[in-house]
Participant: 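Encoded as C-alpha coordinates, here's the structure I'll be asking about.
Just so you know, ligand 1 is whichever comes first in the structure, and atom 1 is the first atom listed for that ligand. We count residues from 1, following the sequence as given. Computed from a prediction, not measured in an experiment: that's the story for all the values here.
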Amino acid sequence: MHDFLTKEECFELLNKYGSPLYVYDEETLRQRCKEMTGLLPNKHLFVDYSVKANTNIRLLEMIKEEGLHVDAMSLGELASNKKAGFKSDEIIYVCNNITESEMREVLKEGVLLSVDSLSQLETYGKLNPGGDIIIRFNPGVGAGHHDKVITGGKKTKFGVQKEFIDDVKKVLKKYNLNLVGINQHIGSLFLDYNSYVEGVKNILEIATHFKGLKIIDLGGGFGVPYHGEDRLDLDKLSIELDKVLTEFLDKYDNKDVIFYIEPGRYIVCECGVLLGTVTSIKDNYDTKYLGCDIGFNVLMRPILYDSYHEIEILQRKPNNRKETYTVVGNICESGDILGKDRLLKKANVDDVVIVYNAGAYGYSMASNYNLRSRPAEVLITKDHKDILIRKRDTIESMMNYE
Ligand SMILES: *Cc1c(COP(=O)(O)O)cnc(C)c1O
(Lines give C-alpha, C1' and ligand atoms only; values in the text may rest on other atoms or scores of the structure.)
Protein backbone atom coordinates (compact mmCIF):
# COMPACT_ATOMS: atom_id res chain seq x y z
CA MET A 1 0.00 0.00 0.00
CA HIS A 2 3.03 2.26 0.11
CA ASP A 3 3.36 2.49 -3.62
CA PHE A 4 0.88 5.11 -4.70
CA LEU A 5 3.62 7.67 -5.33
CA THR A 6 6.87 7.34 -7.28
CA LYS A 7 9.96 9.09 -6.04
CA GLU A 8 9.72 11.67 -8.85
CA GLU A 9 6.11 12.39 -7.95
CA CYS A 10 7.13 13.04 -4.35
CA PHE A 11 9.71 15.60 -5.55
CA GLU A 12 7.10 17.22 -7.83
CA LEU A 13 4.46 17.42 -5.08
CA LEU A 14 6.88 19.17 -2.73
CA ASN A 15 7.85 21.61 -5.49
CA LYS A 16 4.22 22.36 -6.19
CA TYR A 17 2.75 22.52 -2.67
CA GLY A 18 5.72 23.12 -0.38
CA SER A 19 7.18 21.10 2.49
CA PRO A 20 6.17 19.37 4.74
CA LEU A 21 3.08 17.90 3.11
CA TYR A 22 0.44 15.27 3.92
CA VAL A 23 -0.58 13.22 0.87
CA TYR A 24 -3.56 10.82 0.79
CA ASP A 25 -4.50 8.12 -1.70
CA GLU A 26 -8.17 7.86 -2.63
CA GLU A 27 -7.97 4.25 -3.71
CA THR A 28 -6.46 3.00 -0.45
CA LEU A 29 -9.01 4.99 1.56
CA ARG A 30 -11.95 3.48 -0.33
CA GLN A 31 -10.46 -0.01 -0.07
CA ARG A 32 -10.21 0.26 3.73
CA CYS A 33 -13.80 1.52 3.94
CA LYS A 34 -15.01 -1.48 1.94
CA GLU A 35 -13.11 -3.91 4.19
CA MET A 36 -14.92 -2.52 7.23
CA THR A 37 -18.41 -2.33 5.70
CA GLY A 38 -17.96 -5.92 4.50
CA LEU A 39 -16.82 -7.24 7.87
CA LEU A 40 -20.09 -8.93 8.90
CA PRO A 41 -22.07 -9.80 5.76
CA ASN A 42 -24.61 -11.82 7.74
CA LYS A 43 -25.35 -9.23 10.39
CA HIS A 44 -26.99 -5.85 10.46
CA LEU A 45 -23.82 -3.76 10.76
CA PHE A 46 -23.19 -0.02 10.58
CA VAL A 47 -19.66 1.32 10.40
CA ASP A 48 -19.19 4.60 12.26
CA TYR A 49 -15.93 6.20 11.20
CA SER A 50 -14.39 7.88 14.25
CA VAL A 51 -13.45 11.18 12.69
CA LYS A 52 -10.91 12.31 15.26
CA ALA A 53 -8.38 10.20 13.34
CA ASN A 54 -8.67 12.57 10.38
CA THR A 55 -11.33 15.22 9.90
CA ASN A 56 -10.45 16.43 6.41
CA ILE A 57 -13.81 17.18 4.79
CA ARG A 58 -12.85 15.85 1.35
CA LEU A 59 -11.91 12.51 2.94
CA LEU A 60 -15.16 12.53 4.92
CA GLU A 61 -17.11 13.00 1.68
CA MET A 62 -15.53 9.90 0.18
CA ILE A 63 -16.11 7.96 3.39
CA LYS A 64 -19.77 8.94 3.14
CA GLU A 65 -19.90 7.77 -0.46
CA GLU A 66 -18.65 4.39 0.75
CA GLY A 67 -21.71 4.12 2.98
CA LEU A 68 -20.14 4.72 6.38
CA HIS A 69 -21.63 6.76 9.20
CA VAL A 70 -19.55 8.90 11.56
CA ASP A 71 -19.17 9.77 15.17
CA ALA A 72 -18.31 13.20 16.52
CA MET A 73 -16.66 14.16 19.80
CA SER A 74 -16.91 17.93 19.64
CA LEU A 75 -19.03 20.60 18.01
CA GLY A 76 -16.17 21.17 15.57
CA GLU A 77 -16.24 17.55 14.44
CA LEU A 78 -20.03 17.70 14.23
CA ALA A 79 -19.78 20.74 11.95
CA SER A 80 -17.21 18.99 9.72
CA ASN A 81 -19.47 15.95 9.45
CA LYS A 82 -22.43 18.13 8.46
CA LYS A 83 -20.32 19.97 5.90
CA ALA A 84 -19.31 16.64 4.37
CA GLY A 85 -23.00 15.84 3.92
CA PHE A 86 -23.75 13.48 6.79
CA LYS A 87 -27.35 13.73 8.00
CA SER A 88 -28.20 13.98 11.69
CA ASP A 89 -29.22 10.31 11.86
CA GLU A 90 -25.86 9.27 10.39
CA ILE A 91 -23.93 10.82 13.28
CA ILE A 92 -23.49 9.71 16.89
CA TYR A 93 -22.06 12.22 19.34
CA VAL A 94 -19.74 10.13 21.52
CA CYS A 95 -18.68 12.57 24.17
CA ASN A 96 -17.30 12.80 27.64
CA ASN A 97 -17.38 15.62 30.17
CA ILE A 98 -19.23 18.13 28.03
CA THR A 99 -20.99 21.24 29.31
CA GLU A 100 -24.73 21.58 29.42
CA SER A 101 -24.62 24.21 26.70
CA GLU A 102 -22.66 21.86 24.40
CA MET A 103 -25.27 19.18 25.05
CA ARG A 104 -28.00 21.64 24.13
CA GLU A 105 -26.26 22.45 20.82
CA VAL A 106 -26.05 18.75 19.94
CA LEU A 107 -29.74 18.27 20.74
CA LYS A 108 -30.60 21.22 18.49
CA GLU A 109 -28.89 19.37 15.63
CA GLY A 110 -31.06 16.33 16.27
CA VAL A 111 -28.04 14.09 16.79
CA LEU A 112 -28.07 11.09 19.13
CA LEU A 113 -25.72 11.39 22.10
CA SER A 114 -23.71 8.80 23.94
CA VAL A 115 -22.95 9.87 27.52
CA ASP A 116 -20.33 8.23 29.66
CA SER A 117 -21.20 8.90 33.29
CA LEU A 118 -24.22 8.88 35.58
CA SER A 119 -23.63 12.55 36.18
CA GLN A 120 -23.79 13.38 32.45
CA LEU A 121 -26.88 11.19 32.17
CA GLU A 122 -28.53 13.36 34.86
CA THR A 123 -27.57 16.53 32.98
CA TYR A 124 -29.08 15.05 29.81
CA GLY A 125 -32.25 13.93 31.60
CA LYS A 126 -32.86 17.43 32.93
CA LEU A 127 -32.31 18.96 29.49
CA ASN A 128 -34.31 16.48 27.46
CA PRO A 129 -36.72 14.42 29.57
CA GLY A 130 -38.30 11.58 27.57
CA GLY A 131 -35.46 11.74 25.02
CA ASP A 132 -33.33 9.04 23.36
CA ILE A 133 -29.89 8.29 24.72
CA ILE A 134 -26.90 5.94 24.35
CA ILE A 135 -24.71 5.06 27.33
CA ARG A 136 -21.07 4.14 27.15
CA PHE A 137 -20.07 1.36 29.50
CA ASN A 138 -16.68 0.36 30.78
CA PRO A 139 -16.59 -3.38 31.42
CA GLY A 140 -13.38 -3.08 33.44
CA VAL A 141 -10.97 -4.36 30.80
CA GLY A 142 -8.96 -2.39 28.28
CA ALA A 143 -6.42 -2.90 25.52
CA GLY A 144 -4.09 -0.80 23.42
CA HIS A 145 -0.58 -0.10 22.24
CA HIS A 146 0.18 2.51 24.92
CA ASP A 147 -1.31 3.51 28.30
CA LYS A 148 -2.51 6.74 26.77
CA VAL A 149 -4.77 4.96 24.26
CA ILE A 150 -6.25 2.34 26.56
CA THR A 151 -9.78 3.64 26.97
CA GLY A 152 -11.45 0.84 28.88
CA GLY A 153 -10.48 -0.81 32.15
CA LYS A 154 -10.20 0.17 35.75
CA LYS A 155 -7.59 2.89 35.25
CA THR A 156 -9.30 5.14 32.72
CA LYS A 157 -11.81 7.97 32.86
CA PHE A 158 -14.18 6.42 30.34
CA GLY A 159 -17.57 4.80 30.55
CA VAL A 160 -19.95 3.74 33.30
CA GLN A 161 -18.88 0.83 35.47
CA LYS A 162 -21.14 -2.18 35.00
CA GLU A 163 -21.73 -2.33 38.75
CA PHE A 164 -23.81 0.83 38.27
CA ILE A 165 -26.36 -0.72 35.91
CA ASP A 166 -29.11 -0.42 38.53
CA ASP A 167 -28.29 3.24 39.12
CA VAL A 168 -28.41 3.81 35.35
CA LYS A 169 -31.88 2.28 35.28
CA LYS A 170 -33.01 4.59 38.10
CA VAL A 171 -31.84 7.73 36.27
CA LEU A 172 -33.44 6.51 33.02
CA LYS A 173 -36.72 6.04 34.85
CA LYS A 174 -36.50 9.34 36.73
CA TYR A 175 -36.36 11.31 33.44
CA ASN A 176 -38.39 8.83 31.38
CA LEU A 177 -35.40 8.42 29.03
CA ASN A 178 -35.35 5.89 26.22
CA LEU A 179 -32.11 3.91 26.18
CA VAL A 180 -31.69 3.20 22.45
CA GLY A 181 -28.18 1.83 22.63
CA ILE A 182 -25.04 1.07 24.56
CA ASN A 183 -21.43 1.31 23.48
CA GLN A 184 -17.87 0.72 24.52
CA HIS A 185 -14.44 1.47 23.16
CA ILE A 186 -11.72 -0.31 25.07
CA GLY A 187 -8.62 0.93 23.31
CA SER A 188 -6.69 1.51 20.14
CA LEU A 189 -4.52 -0.49 17.77
CA PHE A 190 -5.15 -4.18 18.29
CA LEU A 191 -3.72 -6.55 15.67
CA ASP A 192 -4.92 -9.75 17.35
CA TYR A 193 -8.61 -10.35 16.63
CA ASN A 194 -9.08 -12.33 19.85
CA SER A 195 -8.72 -9.29 22.09
CA TYR A 196 -11.53 -7.54 20.22
CA VAL A 197 -13.83 -10.56 20.34
CA GLU A 198 -13.21 -10.86 24.11
CA GLY A 199 -14.13 -7.19 24.54
CA VAL A 200 -17.30 -7.71 22.51
CA LYS A 201 -18.39 -10.52 24.85
CA ASN A 202 -18.23 -8.05 27.73
CA ILE A 203 -20.45 -5.43 26.13
CA LEU A 204 -22.91 -8.13 25.02
CA GLU A 205 -23.14 -9.31 28.61
CA ILE A 206 -24.02 -5.77 29.65
CA ALA A 207 -26.61 -5.61 26.83
CA THR A 208 -28.52 -8.53 28.35
CA HIS A 209 -29.41 -6.24 31.29
CA PHE A 210 -31.42 -3.95 28.99
CA LYS A 211 -34.42 -4.94 26.90
CA GLY A 212 -35.14 -3.70 23.40
CA LEU A 213 -31.84 -2.00 22.56
CA LYS A 214 -31.71 -0.80 18.95
CA ILE A 215 -27.95 -0.19 18.84
CA ILE A 216 -25.03 -2.07 20.31
CA ASP A 217 -21.79 -0.31 19.48
CA LEU A 218 -18.81 -2.63 19.80
CA GLY A 219 -16.14 0.08 19.55
CA GLY A 220 -13.09 0.74 17.38
CA GLY A 221 -9.38 0.14 17.77
CA PHE A 222 -8.70 -1.96 14.65
CA GLY A 223 -4.93 -1.84 14.20
CA VAL A 224 -2.64 -1.49 11.21
CA PRO A 225 0.96 -2.74 10.98
CA TYR A 226 3.27 0.23 11.57
CA HIS A 227 6.36 -1.90 12.01
CA GLY A 228 6.04 -4.84 9.63
CA GLU A 229 3.74 -6.88 11.89
CA ASP A 230 1.18 -9.27 10.40
CA ARG A 231 -2.02 -7.57 9.31
CA LEU A 232 -5.12 -7.91 11.43
CA ASP A 233 -6.85 -11.07 10.17
CA LEU A 234 -10.20 -9.69 9.10
CA ASP A 235 -11.48 -13.06 7.84
CA LYS A 236 -10.93 -14.71 11.23
CA LEU A 237 -12.26 -11.65 13.05
CA SER A 238 -15.37 -11.81 10.90
CA ILE A 239 -15.98 -15.51 11.61
CA GLU A 240 -15.37 -15.26 15.37
CA LEU A 241 -17.37 -12.07 15.74
CA ASP A 242 -20.28 -13.47 13.77
CA LYS A 243 -20.35 -16.53 16.02
CA VAL A 244 -20.47 -14.47 19.22
CA LEU A 245 -23.15 -12.15 17.83
CA THR A 246 -25.31 -15.02 16.59
CA GLU A 247 -25.18 -16.63 20.02
CA PHE A 248 -26.22 -13.33 21.57
CA LEU A 249 -29.08 -12.75 19.11
CA ASP A 250 -30.49 -16.23 19.77
CA LYS A 251 -31.27 -15.12 23.31
CA TYR A 252 -31.87 -11.38 22.92
CA ASP A 253 -35.41 -9.97 22.72
CA ASN A 254 -34.80 -7.50 19.86
CA LYS A 255 -33.62 -9.51 16.82
CA ASP A 256 -33.39 -6.27 14.79
CA VAL A 257 -30.70 -4.72 16.96
CA ILE A 258 -28.03 -3.04 14.82
CA PHE A 259 -24.37 -3.61 15.61
CA TYR A 260 -22.00 -0.72 15.15
CA ILE A 261 -18.23 -0.72 14.89
CA GLU A 262 -16.23 2.47 15.25
CA PRO A 263 -12.92 2.28 13.39
CA GLY A 264 -10.84 5.45 13.16
CA ARG A 265 -7.25 4.53 12.41
CA TYR A 266 -8.06 1.54 10.21
CA ILE A 267 -9.95 3.71 7.72
CA VAL A 268 -7.41 6.49 7.18
CA CYS A 269 -3.98 5.44 8.44
CA GLU A 270 -2.52 3.66 5.45
CA CYS A 271 -3.83 6.01 2.79
CA GLY A 272 -1.61 8.80 4.11
CA VAL A 273 2.09 9.61 3.84
CA LEU A 274 3.96 12.62 5.12
CA LEU A 275 6.67 14.20 2.96
CA GLY A 276 9.41 16.45 4.31
CA THR A 277 12.78 17.85 3.38
CA VAL A 278 16.24 17.05 4.76
CA THR A 279 17.67 20.27 6.14
CA SER A 280 20.93 19.18 7.80
CA ILE A 281 23.15 16.25 8.64
CA LYS A 282 25.34 16.50 11.69
CA ASP A 283 27.39 14.54 14.20
CA ASN A 284 26.76 15.49 17.79
CA TYR A 285 28.98 13.51 20.17
CA ASP A 286 28.01 9.88 19.51
CA THR A 287 24.95 10.40 17.36
CA LYS A 288 24.46 11.20 13.69
CA TYR A 289 21.41 13.44 13.34
CA LEU A 290 19.35 13.85 10.24
CA GLY A 291 17.51 17.15 10.59
CA CYS A 292 14.34 17.77 8.62
CA ASP A 293 11.28 20.04 8.60
CA ILE A 294 8.92 17.49 10.17
CA GLY A 295 8.70 18.65 13.78
CA PHE A 296 6.34 17.18 16.35
CA ASN A 297 3.90 19.98 15.60
CA VAL A 298 3.37 18.17 12.27
CA LEU A 299 3.35 14.56 13.50
CA MET A 300 2.86 14.17 17.22
CA ARG A 301 2.57 10.39 17.60
CA PRO A 302 6.30 9.68 18.18
CA ILE A 303 6.69 12.18 21.05
CA LEU A 304 3.23 11.47 22.50
CA TYR A 305 3.14 7.67 22.39
CA ASP A 306 6.71 6.65 21.45
CA SER A 307 5.13 5.47 18.22
CA TYR A 308 7.11 3.93 15.41
CA HIS A 309 6.64 5.22 11.86
CA GLU A 310 8.55 3.77 8.95
CA ILE A 311 10.82 6.42 7.42
CA GLU A 312 12.58 6.36 4.06
CA ILE A 313 14.98 8.75 2.34
CA LEU A 314 14.39 9.63 -1.31
CA GLN A 315 17.79 10.64 -2.67
CA ARG A 316 18.11 13.39 -5.26
CA LYS A 317 21.39 11.76 -6.42
CA PRO A 318 20.95 8.01 -5.93
CA ASN A 319 23.72 5.92 -4.36
CA ASN A 320 23.67 2.64 -2.48
CA ARG A 321 25.25 3.75 0.75
CA LYS A 322 23.45 3.53 4.07
CA GLU A 323 23.85 5.28 7.37
CA THR A 324 22.30 5.12 10.84
CA TYR A 325 20.55 8.36 11.74
CA THR A 326 18.41 9.73 14.49
CA VAL A 327 15.80 11.66 12.54
CA VAL A 328 14.79 14.93 14.18
CA GLY A 329 12.58 17.92 13.38
CA ASN A 330 12.81 21.69 13.68
CA ILE A 331 11.10 22.24 17.04
CA CYS A 332 13.19 23.61 19.91
CA GLU A 333 12.77 20.65 22.25
CA SER A 334 15.01 17.64 22.71
CA GLY A 335 12.00 15.32 22.48
CA ASP A 336 11.49 16.32 18.85
CA ILE A 337 12.54 12.94 17.47
CA LEU A 338 10.77 11.33 14.53
CA GLY A 339 12.80 8.12 14.60
CA LYS A 340 15.77 6.90 16.66
CA ASP A 341 18.78 5.02 15.25
CA ARG A 342 17.30 4.27 11.86
CA LEU A 343 19.37 2.59 9.17
CA LEU A 344 18.46 4.67 6.11
CA LYS A 345 19.82 5.55 2.69
CA LYS A 346 22.65 8.02 3.00
CA ALA A 347 21.06 11.44 2.96
CA ASN A 348 22.07 14.87 1.74
CA VAL A 349 20.47 18.23 2.35
CA ASP A 350 17.42 18.62 0.05
CA ASP A 351 16.71 14.91 -0.15
CA VAL A 352 13.16 13.96 0.74
CA VAL A 353 11.97 12.23 3.92
CA ILE A 354 8.86 10.09 3.52
CA VAL A 355 6.97 8.93 6.62
CA TYR A 356 4.49 6.09 6.09
CA ASN A 357 1.15 5.35 7.73
CA ALA A 358 0.61 9.00 8.52
CA GLY A 359 -3.08 9.29 7.64
CA ALA A 360 -4.45 8.73 11.15
CA TYR A 361 -3.79 11.02 14.11
CA GLY A 362 -1.34 12.95 11.94
CA TYR A 363 -2.84 16.18 10.69
CA SER A 364 -5.68 15.97 13.22
CA MET A 365 -3.16 16.29 16.05
CA ALA A 366 -0.95 18.86 14.33
CA SER A 367 -0.46 22.19 16.08
CA ASN A 368 1.10 25.61 15.71
CA TYR A 369 3.66 24.99 18.45
CA ASN A 370 6.75 27.19 17.99
CA LEU A 371 4.34 29.18 15.79
CA ARG A 372 4.99 26.85 12.89
CA SER A 373 2.39 26.28 10.22
CA ARG A 374 0.41 23.10 10.04
CA PRO A 375 1.17 21.58 6.63
CA ALA A 376 -1.05 21.43 3.56
CA GLU A 377 -2.95 18.27 2.60
CA VAL A 378 -3.15 16.86 -0.92
CA LEU A 379 -5.32 14.07 -2.33
CA ILE A 380 -4.22 11.71 -5.09
CA THR A 381 -7.47 10.86 -6.86
CA LYS A 382 -8.41 7.56 -8.48
CA ASP A 383 -7.32 8.87 -11.88
CA HIS A 384 -4.01 9.92 -10.30
CA LYS A 385 -4.49 13.68 -10.22
CA ASP A 386 -3.25 15.67 -7.23
CA ILE A 387 -5.60 18.17 -5.65
CA LEU A 388 -5.06 20.49 -2.70
CA ILE A 389 -7.61 19.59 0.01
CA ARG A 390 -6.35 21.85 2.79
CA LYS A 391 -4.09 24.87 2.65
CA ARG A 392 -0.99 25.32 4.74
CA ASP A 393 -1.37 27.79 7.61
CA THR A 394 0.05 31.20 6.81
CA ILE A 395 1.77 33.52 9.26
CA GLU A 396 -1.28 35.75 8.86
CA SER A 397 -3.81 32.99 9.56
CA MET A 398 -1.93 32.10 12.73
CA MET A 399 -2.13 35.71 13.99
CA ASN A 400 -5.84 36.07 13.17
CA TYR A 401 -7.15 35.76 16.71
CA GLU A 402 -4.75 38.08 18.47
C1 LIG B 1 -10.90 7.20 19.15
C2 LIG B 1 -12.12 6.42 19.25
C3 LIG B 1 -12.42 5.44 18.30
C4 LIG B 1 -11.48 5.08 17.19
O5 LIG B 1 -10.30 4.49 17.64
P6 LIG B 1 -9.28 3.85 16.58
O7 LIG B 1 -8.24 3.24 17.43
O8 LIG B 1 -8.76 4.99 15.77
O9 LIG B 1 -10.03 2.87 15.78
C10 LIG B 1 -13.63 4.79 18.41
N11 LIG B 1 -14.51 5.07 19.40
C12 LIG B 1 -14.25 6.00 20.33
C13 LIG B 1 -15.25 6.26 21.39
C14 LIG B 1 -13.05 6.70 20.30
O15 LIG B 1 -12.80 7.61 21.24
Side-chain angles (χ1 to χ4, degrees), residues 29 32-33 35-37 39 45-56 59-60 63 68-74 76-78 80-81 91-98 106 111-117 120 134-139 141-153 156-160 181-193 195-196 199-200 202-203 215-226 229 231-232 234 237 241 259-272 300-301 304-305 307 357-365:
L29 174 69
R32 291 295 174 261
C33 289
E35 286 168 14
M36 284 287 120
T37 53
L39 185 65
L45 175 79
F46 278 179
V47 181
D48 252 19
Y49 165 56
S50 188
V51 307
K52 73 178 191 281
N54 191 321
T55 54
N56 186 289
L59 302 192
L60 290 177
I63 288 166
L68 281 76
H69 290 191
V70 276
D71 68 12
M73 295 174 179
S74 68
E77 288 188 355
L78 182 54
S80 293
N81 293 346
I91 304 170
I92 296 180
Y93 203 79
V94 184
C95 53
N96 74 101
N97 305 328
I98 64 173
V106 181
V111 169
L112 196 52
L113 272 113
S114 162
V115 292
D116 95 328
S117 64
Q120 294 255 284
I134 296 178
I135 295 174
R136 177 169 178 176
F137 280 94
N138 177 345
V141 287
H145 66 92
H146 187 282
D147 278 354
K148 286 182 186 149
V149 299
I150 296 175
T151 52
T156 81
K157 68 170 178 168
F158 293 107
V160 177
I182 61 171
N183 69 326
Q184 74 168 4
H185 173 64
I186 63 169
S188 192
L189 224 181
F190 67 88
L191 284 166
D192 166 22
Y193 62 90
S195 58
Y196 192 74
V200 166
N202 290 322
I203 188 76
I215 293 170
I216 300 175
D217 182 340
L218 311 173
F222 305 83
V224 298
Y226 282 93
E229 303 92 337
R231 290 195 76 79
L232 173 61
L234 288 179
L237 175 64
L241 206 49
F259 298 105
Y260 280 64
I261 54 173
E262 259 181 277
R265 183 189 318 276
Y266 194 86
I267 299 293
V268 288
C269 185
E270 293 161 295
C271 75
M300 204 167 172
R301 297 189 69 252
L304 187 60
Y305 309 123
S307 298
N357 285 347
Y361 306 105
Y363 189 94
S364 67
M365 284 186 166

Participant: When rounded to the nearest 0.5 angstrom, what distance separates CZ in Phe46 from CD1 in Ile261?
Facilitator: 12.0 Å

Participant: Would Phe158 and Arg136 satisfy side-chain contact (heavy atoms from CB on, under 4.5 Å), going step by step from the backbone distance to the final call?
Facilitator: CA-CA 8 Å; Phe158 293 107; Arg136 177 169 178 176; 3.7 Å; yes

Participant: Any idea how Tyr196 and Phe222 line up, ring-wise: parallel (<30°), tilted (30 to 60°), or perpendicular (>60°)?
Facilitator: tilted

Participant: List the closest protein heavy-atom neighbour of atom 2 (C) of ligand 1: residue, atom name, distance to the nearest 0.1 Å.
Facilitator: Lys52 NZ, 2.4 Å

Participant: Among all protein non-hydrogen atoms, which one is nearest to atom 5 (O) of ligand 1, and what is the separation to 0.1 Å?
Facilitator: His185 CE1, 3.3 Å

Participant: Within a distance under 4.0 Å of any heavy atom of Val94, pick out the atoms of ligand 1 and give their elements.
Facilitator: 13 (C)

Participant: Can you find an N or O of Ser188 that's nearer than 3.5 Å to an N or O of ligand 1?
Facilitator: yes

Participant: Could you find the nearest protein heavy atom to atom 3 (C) of ligand 1 and give me its residue, atom name and distance?
Facilitator: Ser50 OG, 3.2 Å

Participant: Is the side chain of Glu262 donor-acceptor paired with the backbone N or O of His185 at a distance under 3.5 Å, no angle test?
Facilitator: no

Participant: With heavy atoms of Gly264 as the reference, note each atom of ligand 1 found under 4.0 Å away.
Facilitator: 4 (C), 6 (P), 8 (O), 9 (O)

Participant: Among protein heavy atoms, which sits nearest to atom 10 (C) of ligand 1, and what does the distance come to when rounded to 0.1 Å?
Facilitator: Glu262 O, 3.2 Å

Participant: Does the side chain of Tyr93 reach to within under 4.5 Å of the side chain of Ile98, using non-hydrogen atoms?
Facilitator: yes

Participant: Can an N or O of Gly221 be found at a distance shorter than 3.5 Å from an N or O of ligand 1?
Facilitator: yes

Participant: Would you indicate whether the side-chain heavy atoms of Tyr361 and Leu304 approach each other to under 4.5 Å?
Facilitator: no

Participant: Could an N or O of ligand 1 be found under 3.5 Å from any N or O of Gly220, whether backbone or side chain?
Facilitator: no

Participant: Please check if the side chain of Ser364 supplies one atom and the backbone of Ala53 the other of a donor-acceptor pair under 3.5 Å.
Facilitator: yes

Participant: Do any nitrogen or oxygen atoms of Arg265 lie less than 3.5 angstrom from nitrogen or oxygen atoms of ligand 1?
Facilitator: yes

Participant: Can you find a pair of side-chain heavy atoms, one from Tyr266 and one from Val47, that are under 4.5 Å apart?
Facilitator: no

Participant: Cationic tip of Arg265 within the cone over Tyr226's six-membered ring, i.e. under 6.0 Å and within 45° of the normal?
Facilitator: no

Participant: List ligand 1 atoms under 4.0 Å from Pro263, heavy atoms only on the residue side.
Facilitator: 9 (O)

Participant: Looking only at heavy atoms, is any part of Tyr361 under 4.0 Å from ligand 1, and if so is it the side chain, the backbone, or both, or is it neither?
Facilitator: side chain

Participant: Mind checking whether Gly219 has a heavy atom under 4.0 Å from ligand 1?
Facilitator: no

